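Okay, so here's the structure we're looking at.
Just so it is clear: chains get the letters A, B, ... in the order the sequence lines come, proteins before strands, and each one is counted from 1. Just so you know, these numbers come straight off a predicted model, no measurement behind them.
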There are 2 protein chains.
Amino acid sequence: MREGPDIARIASLVGDPARANMLNALMGGTALTASELALEAGVSLPTASSHLSKLMDGGLLTLASQGRHRYYGLAGAQVAGMIEAIIGVAEAVGPKRVRPGPRDAAMRVARVCYDHLAGEQAVAMLDRLLDRKLLLRDDNQIRLSPSGASHFSALGIETAAKARRPVCRACLDWSVRRSHLAGTLGAAILDKIIAEKWARREKDSRAVAFSPKGRQEFERVFLA
Amino acid sequence: MREGPDIARIASLVGDPARANMLNALMGGTALTASELALEAGVSLPTASSHLSKLMDGGLLTLASQGRHRYYGLAGAQVAGMIEAIIGVAEAVGPKRVRPGPRDAAMRVARVCYDHLAGEQAVAMLDRLLDRKLLLRDDNQIRLSPSGASHFSALGIETAAKARRPVCRACLDWSVRRSHLAGTLGAAILDKIIAEKWARREKDSRAVAFSPKGRQEFERVFLA
DNA sequence: CGCATGGTTCGATCCTCGTCGAAGCATTCT
DNA sequence: AGAATGCTTCGACGAGGATCGAACCATGCG
């Protein structure tokens, strides 16, 4: 009937509760096995398997076979961004959730979005990097400035473009409703935060918990 | 079993083809009536009405009642952003589009949109009328210029405002993704095209087929 | 080799939800 | 008031798809 991209097909994939739970679980960026995802979604293994093959057919997932384990992961940052956008709308229109719990509060401050940092901290960081002209924004596109390139490599953060993935990309933050930094640079920064042990990932959650000292360091380096 | 925002609920609203077409039609920002949306989605009026109340319940649409017309529009930029994100994934993931059939091609060129002409011809016509300053656009509103008023009445096309329906209205074209002319003037022009037998409506389709001679006449009058 | 474990496929069941015709409201025009 | 138009609700029907148990592959381990 209508032409154009088949948006109903994609949306309906996300529109099943079991599949939505799986995708949500994968938003943490770590690939999971079919059994783990079945548990997350609260369905039996055959059901989960069926859902997973549908998500694969739809191009939303990637599959990495290792021995007899098969790890499913999100197909890319674009898919993650779409899910963030849907979460944002669901948050906005959803029944005013009964006072956000402590974990929700932590999620708002800092969390993992696929492979980069999101939340208030991440939004503040992008603002600051733009202020300091380490990154430049033209017309909703973000790119690295020469001074930014040297700045990040001095920190031991790789900024060379490789593959097709852009170094910098804006990703809309559902809790703050402004952009944070995605792309290979965003991913590299999160890697550094974890590697330096400034923060650790909460168990079974997307929340990222900074240690007091780690927060200081993070603020010194990225929010100064 | 996960908690958090009900993303499946939102996604499943977009996940029905009829609703997806409606939302797509509303992406231009102009609010549309239930009948127009029914036509755009290719469903009957009762079906469309049911979909619309679901979208309202889900908080994706706003409703503006004006007399006996009820204009539905997207609930806000966040919703539009979400749909854009879904479109992005759908385009990235489904490059293989089915080959459009002959009727689809005809539909793209010229079709009926509720009671006025849509498609490439209609978009070109609106462009031309604006160029010739027979119509004026301010700020996404379209209105008739004095010269336009005399021009159309010379053609025997009534341009007096009657009832509350606007004389000119922009309507987003799904195939071209730009506006074409709706409102009483748009309807009157389609009436003339049919009355002059420049074109006839295809059976059981929204497509409008111009005769060779009719097309010449149409272009002479409206695309000159 | 068996045997255990992780995953997928098959078959049958069940139920939600999309669909439309007909009828019912609501508003406006004559 | 009566007719016409725009839209919603009701009722019934049908199809798609989500679900799980059981059986079936595949890999790794002793």
Atom pairs under 3.5 Å, N or O on each side, protein against nucleotides 20-23 of chain C: can you list them with distances?
| residue | atom | partner | partner atom | Å |
| --- | --- | --- | --- | --- |
| C/dC20 | OP2 | B/S44 | N | 3.1 |
| C/dC20 | OP2 | B/S44 | OG | 3.2 |
| C/dC20 | OP2 | B/T47 | OG1 | 2.7 |

Task: Interatomic distance where CG belongs to B/L61 and C1' belongs to D/dT8 [whole Å] - done: 16 Å
Task: Closest to the B/S49 side chain, choosing from D/dT9, D/dG6, C/dG7 - done: D/dT9
TODO: Round to a whole Å and report the spacing from CD of B/E36 to P of D/dT5.
DONE: 16 Å
- [ ] List for me each residue that meets side-chain hydrogen bond (donor to acceptor under 3.5 Å, both in side chains) alongside B/T47, sequence neighbours excluded, and say none if there are none.
- [x] B/S44
Open item on the list: Check the phosphate of C/dT8 against A/S53, side-chain N and O only, distance under 4.0 Å to OP1 or OP2. Yes or no?
Closed with: no
Open item on the list: Rounding to an integer number of Å, can you tell me how far A/L55 CG sits from C/dG7 P?
Closed with: 16 Å
- [ ] Report the distance from atom CG of B/D57 to atom P of D/dT8, rounded to the nearest whole Å.
- [x] 12 Å
Task: Atom pair CG (A/L13) and CG (A/D57), whose distance is rounded to the nearest 0.5 Å - done: 8.5 Å
- [ ] Indicate yes or no: does A/R108 engage A/E91 in a salt bridge with an N to O separation below 4.0 Å.
- [x] yes
Open item on the list: For the backbone of B/L136 and the side chain of B/R143, can you confirm whether one donor and one acceptor N or O come within less than 3.5 Å of each other?
Closed with: no
Open item on the list: OP1 or OP2 of D/dT27 versus the side-chain N and O atoms of A/R70: is any pair under 4.0 Å?
Closed with: no
- [ ] Output yes when at least one side-chain N/O atom of B/Y71 is less than 4.0 Å from OP1 or OP2 of D/dG6, else no.
- [x] no
Task: Residues that B/S145 engages under side-chain hydrogen bond (donor to acceptor under 3.5 Å, both in side chains), provided they are two or more places apart - done: B/S147
Open item on the list: According to side-chain hydrogen bond (donor to acceptor under 3.5 Å, both in side chains), who are the partners of B/Q216, at least two apart in sequence or on a separate chain?
Closed with: none
Open item on the list: Pair B/L23, B/L55 - check side-chain contact (heavy atoms from CB on, under 4.5 Å), show working.
Closed with: CA-CA 9 Å; B/L23 291 169; B/L55 289 170; 4.3 Å; yes
- [ ] Using whole Å, report how far CG of B/L63 lies from P of C/dA26.
- [x] 15 Å
Open item on the list: Is the ring pair B/F210/B/F218 parallel, tilted or perpendicular, if the boundaries are 30 and 60 degrees?
Closed with: tilted
Open item on the list: I need a per-nucleotide contact map over nucleotides 11-17 of chain D, read 5' to 3'. Cutoff is protein heavy atoms under 4.0 Å; write B for the base, S for backbone only, - otherwise.
Closed with: -------
TODO: Not counting sequence neighbours, which residues clear side-chain hydrogen bond (donor to acceptor under 3.5 Å, both in side chains) with A/S53? List them please.
DONE: none
TODO: Specify the separation, in whole Å, of atom CG of B/L52 and atom P of D/dC7.
DONE: 10 Å
